[in-house]
Chemist: 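One structure coming up, written as structure tokens, with questions to follow.
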Amino acid sequence: DVKVTQSSRYLVKRTGEKVFLECVQDMDHENMFWYRQDPGLGLRLIYFSYDVKMKEKGDIPEGYSVSREKKERFSLILESASTNQTSMYLCASSLGGIMNTEAFFGQGTRLTVV
Amino acid sequence: AQKVTQAQTEISVVEKEDVTLDCVYETRDTTYYLFWYKQPPSGELVFLIRRNSFDEQNEISGRYSWNFQKSTSSFNFTITASQVVDSAVYFCALSERTGNQFYFGTGTSLTVIP
């Protein structure tokens, strides 16, 4: 069974903290993604990575950075958490290449910034 | 501009009714891929189907069926004889041949009333 695992299901952080959200996939996928999900807005892409150490900004990268040092791991970093970053964060991975295969998602991390 | 539009924000049906979820997409690529995902209350997005732009054949999987029409840029999803377990948020998504990204609609929240 394919697996995308996010390190936390729920997180509560204080304003100004540096926050790390970790995601690991065991499918040897090239592509990994971080999305943010908010009511009425659907899934919005924050960043994606198509290879180790490679990254591209998505639609809403401001206030976030990412790291992909190993193929299986993709980290989302909130440099200085703010209350407007309270949201559900979803990590996904896909095979990549020319096949445009489906993305597999983790269980999500619900982050609350107080 | 929104690449994927799901105009229905919320739908409620009574158990055993049929329901169709609409999805309209926009792309200039001649090769592209369309997807449907289900997000139950637990939060994890579950992949349902992937279609490529060259395959307009309708697909049926149990109570689920999909109608892909390039002429109207639509990829609609029908659930026949709905059940309470079908209650979830459903997302339609587009992936273009020229990129690695997935573009998601804003989702349709389906409630099946017993």
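Here is the naming used below: chain letters follow the sequence lines, and residue numbers restart at 1 for every chain. For clarity, every value in this text was computed on a predicted model and none was experimentally measured.
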Chemist: Side chains of B/E96 and B/T27 only: does a donor on one sit below 3.5 Å from an acceptor on the other?
Modeler: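 Yes, a side-chain donor-acceptor pair sits under 3.5 Å.
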
Chemist: Below 4.5 Å from any heavy atom of chain B, which atoms of A/R9 appear? Answer side chain, backbone, both or neither.
Modeler: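 For A/R9, the contact with chain B is made by the side chain alone.
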
Chemist: Is A/Q37 in contact with chain B via its backbone, its side chain, both, or neither, using a 4.5 Å heavy-atom distance?
Modeler: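 Only the side chain of A/Q37 comes within 4.5 Å of chain B.
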
Chemist: Is the closest side-chain donor-acceptor distance between B/Y32 and B/Y25 under 3.5 Å?
Modeler: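 Looking only at side-chain atoms, B/Y25 and B/Y32 do form a donor-acceptor pair, the distance falling under 3.5 Å.
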
Chemist: Examine the side chains of B/T20 and B/N76 and answer whether a donor and an acceptor come within less than 3.5 Å of each other.
Modeler: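 Checked: B/T20/B/N76 side chains show no N/O donor-acceptor pair below 3.5 Å.
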
Chemist: Check whether A/L43 gets within reach of chain B through its side chain, its backbone, both or neither, counting any heavy atom under 4.5 Å.
Modeler: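 Backbone plus side chain of A/L43, per the 4.5 Å heavy-atom cut-off to chain B.
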
Chemist: Given that the side chain runs from C-beta out, which part of B/Y103 has a heavy atom under 4.5 Å from chain A: side chain, backbone, both or neither?
Modeler: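 Neither part, no heavy atoms under 4.5 Å.
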
Chemist: For chain A, find which of B/T31, B/I49, B/L45, B/T9 contributes the most heavy-atom pairs closer than 4.5 angstrom.
Modeler: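 Option with the greatest count: B/L45.
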
Chemist: With a 3.5 Å cut-off and no angle check, do the side chains of B/Q6 and B/T106 form a donor-acceptor pair?
Modeler: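 No, no side-chain donor-acceptor pair sits under 3.5 Å.
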
Chemist: Side chains of A/Y64 and A/Y89: is there a donor and an acceptor less than 3.5 Å apart?
Modeler: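 On atom types as modelled, these side chains qualify, holding a pair under 3.5 Å.
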
Chemist: Sort B/F102 into side chain, backbone, both or neither according to what part of it lies under 4.5 angstrom from a heavy atom of chain A.
Modeler: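 Both backbone and side chain.
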
